[in-house]
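First the structure, in the form of structure tokens, and then the observations on it.
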Amino acid sequence: MHHKRYCEGIERHQKVYFIIDLFRISMKSLYSLQIYIEVYAMGKILVVGAAGQIGTELVLALEKEYGKSNVIASDVKPLPTEALKESTYISLDIMDEVGLRKVVENNDIKEVYLLAALLSATAEKNPAFAWKLNMEGLFNVLNLAKDKVIDKIFWPSSIAVFGPTTPKDNTPQQTVMEPSTVYGISKQAGEQWCNYYHQNFGVDVRSIRYPGLISYTSLPGGGTTDYAVDIFYHAKKTNNYTCFLNADTALPMMYMEDAIRATIQLMKAPSSDIKIRTAYNLAGISFTPEDLAKSIELRQPGFGMKYASDFRQAIADSWPNSIDDQDARNDWGWEIRFDLNKMVHVMLDNIDPSLMD
Ligand code: NAD
């Protein structure tokens, strides 16, 4: 009698576990189905400038989110990292308007992430070409959305939209903007064009003013904040670094994983939540070269830092020290995860100095 009741108890338990498992599996399948339906309704994603510092990581993150077959990477250069060897790649020059339209139409592209641009330091060396690439590329993509060929655009802006007359600390979303670099001028104009296309043609374009981005999977592309990446290669190789900015130059920075998460979060948010159609301020970690050197020294005793500033110092001096990102927090729930020490640990653990050779 006792034994029978005991066995029935076990059976009842097993049934409950079976029902819980069934429920879990159904929820998982429902979630996958929901993603499948979302992606199917959405069409495919094209990343332009996919071989760069952001693109190499964004492509992988988008593939993880939407499936490998729904993401197409494109650039004028081949994809540089091993991790991208199975990604779909198309060689494409963003200034080739006809070629771009063909790629988009032939592949059922509905979202474009436009990363191709000349960055701040490189742009100063070739202002006319920087203006041409940064603006023409943007117009080519905006016009595809205006003509309803694509539904949604991500285009990154930068803290370079701010200038020497901008309040430097906790720089507000809306403030004086008189950029002093050709890069900043192109990003500021780009922001206004995005807003204009949204207001006048209903184009769903979304943007972030990225701070300096720090990552280890590929080399940075010629920006003023590149020292904060270069330093890790040299720290690993020689335990020394000569910085091209002065010790006390505070700049807004962010670890790449945070930037990628912000980008995908912004693109997934309902259109009605996106109140700003120029570009969102996004604060990460604000630090000086000296702060960074001290944090590296905690992990690598004896790390030596020298300073020899060059033309990039003037660019850095025109940019904010730190950023107020309340609007991004309120509108689409942005929050930072990596602080200075956490970022330094991940960088030192993962950086491969042979990438520099
Ligand atoms: P990057 O220089 O590393 O990559 C840009 C990529 O664009 C390169 O792979 C390049 O080959 C490609 N490209 C250049 N001309 C092209 C063309 N005509 N057609 C197609 N592709 C072309 O730059 P990144 O750091 O990845 O930056 C991407 C975007 O984010 C840029 O708009 C940049 O202004 C912005 N941004 C970057 C940072 C940062 O710290 N990395 C900060 C603020 C804003």
Exercise for review: May I ask you to test the Glu97-Phe139 pair for a side-chain heavy-atom distance under 4.5 Å?
Suggested key: no
Exercise for review: Take atom NZ of Lys132 as the centre, draw a 6.0 Å sphere, and report whether it contains more than 12 heavy atoms from other residues, nucleotides or ligands.
Suggested key: no
Review point. Does Arg206 use its side chain to pair, donor to acceptor, with the backbone of Tyr280 at less than 3.5 Å?
Key: no
**Study point:** Backbone N/O of Ser322 and side chain of Thr171: donor-acceptor pair under 3.5 Å
**Key:** yes
**Study point:** Any side-chain donor near an acceptor of the partner, Asn195 and Arg277, under 3.5 Å
**Key:** no
Exercise for review: Using the side chain to side chain donor-acceptor pair (under 3.5 Å) rule, collect all pairs that involve residues 114-127, keeping only residues at least two apart or in two chains.
Suggested key: Ser120-Thr224
Point to revise | Nearest atoms (heavy-atom pairs only) where Pro156 meets Tyr210 | key: CB-CE1, 3.3 Å
Check your understanding: Quick one: CG on Leu219 to CG on Leu355, what's the gap to the nearest 0.5 Å?
Key -> 5.5 Å
Practice item. Give a yes or no answer on whether the side chain of Ser74 reaches the backbone of Val47 with a donor-acceptor pair at less than 3.5 Å. Key: yes
Review point. What is the minimum heavy-atom distance between Ala130 and Val182, and which atoms define it?
Key: CB-CG1, 4.4 Å
**Study point:** salt_bridge(Asp147, Arg101) N-O dist < 4.0 Å
**Key:** yes
Point to revise | More than 12 heavy atoms of other groups within 6.0 Å of Gln192 CD | key: yes
Check your understanding: Say you draw a straight line from OH of Tyr255 to CZ of Arg337; how long is it, rounded to the nearest 0.5 Å?
Key -> 13.0 Å
Point to revise | Asp327 and Lys275: CA distance, side-chain angles, deciding distance, side-chain contact (heavy atoms from CB on, under 4.5 Å) verdict | key: CA-CA 9 Å; Asp327 287 283; Lys275 311 266 169 31; over 6 Å; no
Practice item. Verify the cluster assignment for Ile153 and Ile260: are they in a single hydrophobic cluster under the rule of side-chain heavy atoms below 4.5 Å apart? Key: no
Exercise for review: Indicate yes or no: at least one non-hydrogen side-chain atom of Tyr113 is less than 4.5 angstrom from one of Ile54.
Suggested key: no
**Study point:** Donor + acceptor pair across side chains of Asn140, Glu136 (<3.5 Å)
**Key:** no
Practice item. Using the test side chain to side chain contact (heavy atoms under 4.5 Å, CB included), find all partners of Leu292 that sit at least two apart in sequence or belong to another chain. Key: Tyr227, Ala228, Ile231, Phe232, Phe287, Ile296, Leu340, Met343, Val344
Check your understanding: Counting only N and O atoms by type, is there a donor-acceptor contact under 3.5 Å from the side chain of Asp310 to the main-chain atoms of Arg312?
Key -> yes
Review point. Do you see a donor-acceptor pair shorter than 3.5 Å between the side chains of Asn170 and Asp324?
Key: no
**Study point:** Flag if over 12 foreign heavy atoms under 6.0 Å of NZ, Lys168
**Key:** yes
Check your understanding: Of all residues at least two apart in sequence or in a different chain, which pass the side-chain hydrogen bond (donor to acceptor under 3.5 Å, both in side chains) check with Thr88?
Key -> none
Check your understanding: Sub-3.5 Å donor-acceptor pair from the side chain of Gln300 to the main-chain atoms of Ala235, do we have one?
Key -> yes
Check your understanding: Is a side-chain donor or acceptor of Ser157 paired with a backbone partner of Ile208 at a separation under 3.5 angstrom?
Key -> no
Practice item. Keeping the roles fixed (side chain from Lys152, backbone from Val112), state whether a donor-acceptor pair exists under 3.5 Å. Key: no
Review point. Under 3.5 Å, is there a donor-acceptor pair between the side chain of Asn246 and the main chain of Thr249?
Key: no
Check your understanding: Looking at side-chain heavy atoms only, is the closest gap between Thr225 and Pro211 below 4.5 Å?
Key -> no
Point to revise | Interatomic spacing from CG in Leu282 to CG in Asp325 - rounded to 0.5 Å | key: 5.5 Å
Point to revise | Note, Ile150 side chain near Val141 side chain (heavy atom, < 4.5 Å) | key: yes
Check your understanding: At what distance, to the nearest 0.5 angstrom, does CD1 of Ile323 lie from CD1 of Ile159?
Key -> 6.0 Å
Review point. Taking everything shown except Lys306 itself, do over 12 heavy atoms lie less than 6.0 Å from its NZ?
Key: no
Point to revise | Leu138 and Cys194: CA distance, side-chain angles, deciding distance, side-chain contact (heavy atoms from CB on, under 4.5 Å) verdict | key: CA-CA 9 Å; Leu138 177 58; Cys194 288; 4.2 Å; yes
**Study point:** Contact check, side chains of Leu92 and Leu46, non-hydrogen atoms, under 4.5 Å
**Key:** yes
Review point. Would a 4.5 Å heavy-atom cut-off, applied to side chains only, mark Gln326 and Asn281 as touching?
Key: no
**Study point:** Contact check, side chains of Ile94 and Leu100, non-hydrogen atoms, under 4.5 Å
**Key:** yes
Practice item. Starting at CD1 of Ile45, measure out to CG of Asn107 and round the result to the nearest 0.5 Å. Key: 13.0 Å
Exercise for review: With sequence neighbours excluded, give me every side chain to side chain donor-acceptor pair (under 3.5 Å) pair touching residues 282-293.
Suggested key: Thr288-Asp291
**Study point:** Side-chain donor/acceptor of Gln53 to backbone N/O of Leu213, under 3.5 Å
**Key:** yes
Review point. Under the 3.5 angstrom rule, does the side chain of His198 hit a backbone N or O of Asp204 as a donor-acceptor pair?
Key: no
Revision key, fill the gap. Minimal heavy-atom distance between Phe129 and Met95, with the atoms involved, is CE1-CE, 3.6 Å
Practice item. Say whether Val161 and Met253 are linked into one hydrophobic cluster, either directly or through other cluster members, by side-chain heavy-atom distances under 4.5 angstrom. Key: yes
Check your understanding: Are Leu114 and Leu58 connected, step by step, through hydrophobic side chains (Ile, Leu, Val, Met, Phe, Trp, Tyr) whose heavy atoms are closer than 4.5 Å?
Key -> no
Review point. Stepwise, does the side-chain contact (heavy atoms from CB on, under 4.5 Å) test hold for Leu84 with Tyr89?
Key: CA-CA 9 Å; Leu84 290 162; Tyr89 169 79; over 6 Å; no
Review point. Please, which pairs that meet salt bridge (charged side-chain N to carboxylate O under 4.0 Å, His left out) have at least one residue in residues 66-82, sequence neighbours excluded?
Key: Glu63-Lys68, Glu82-Lys85
Practice item. Flag the pair Glu191 / Arg209 as yes when at least one side-chain heavy-atom distance between them is below 4.5 Å, and no otherwise. Key: yes
Exercise for review: Could you pull out the closest heavy-atom pair between Trp334 and Arg261, with the gap in Å?
Suggested key: CZ3-NH2, 3.8 Å
Point to revise | ILVMFWY cluster, Phe154 and Val104 together (side-chain gap under 4.5 Å) | key: no
Check your understanding: With no hydrogens and no angle check, do the side chains of Asp352 and Ser354 hold a donor and an acceptor under 3.5 Å apart?
Key -> yes
Practice item. Go through the steps for Leu251 and Leu245 under the test side-chain contact (heavy atoms from CB on, under 4.5 Å), then give the verdict. Key: CA-CA 10 Å; Leu251 284 170; Leu245 296 182; 3.8 Å; yes
Point to revise | Which atom of Lys236 lies closest to which atom of Pro353, heavy atoms considered | key: CB-CG, 3.8 Å
**Study point:** In one Ile/Leu/Val/Met/Phe/Trp/Tyr side-chain cluster, 4.5 Å: Ile214, Phe244
**Key:** yes
Practice item. Could you list who else is in Tyr183's hydrophobic cluster, with ILVMFWY side chains joined at under 4.5 Å, directly or through other members? Key: Leu119
**Study point:** Residue Arg299 excluded, over 12 heavy atoms near CZ under 6.0 Å
**Key:** yes
Study note, to complete from the structure: In this structure, CG of Leu62 is separated from CD of Glu65 (nearest 0.5 Å) by 8.0 Å
Review point. What is the ring orientation for Tyr196 with Trp193, classed by angle as parallel under 30°, tilted 30 to 60°, or perpendicular over 60°?
Key: perpendicular
Check your understanding: Which heavy atom in Phe303 sits nearest to a heavy atom in Ala293, and how many Å separate them?
Key -> CD2-O, 3.8 Å
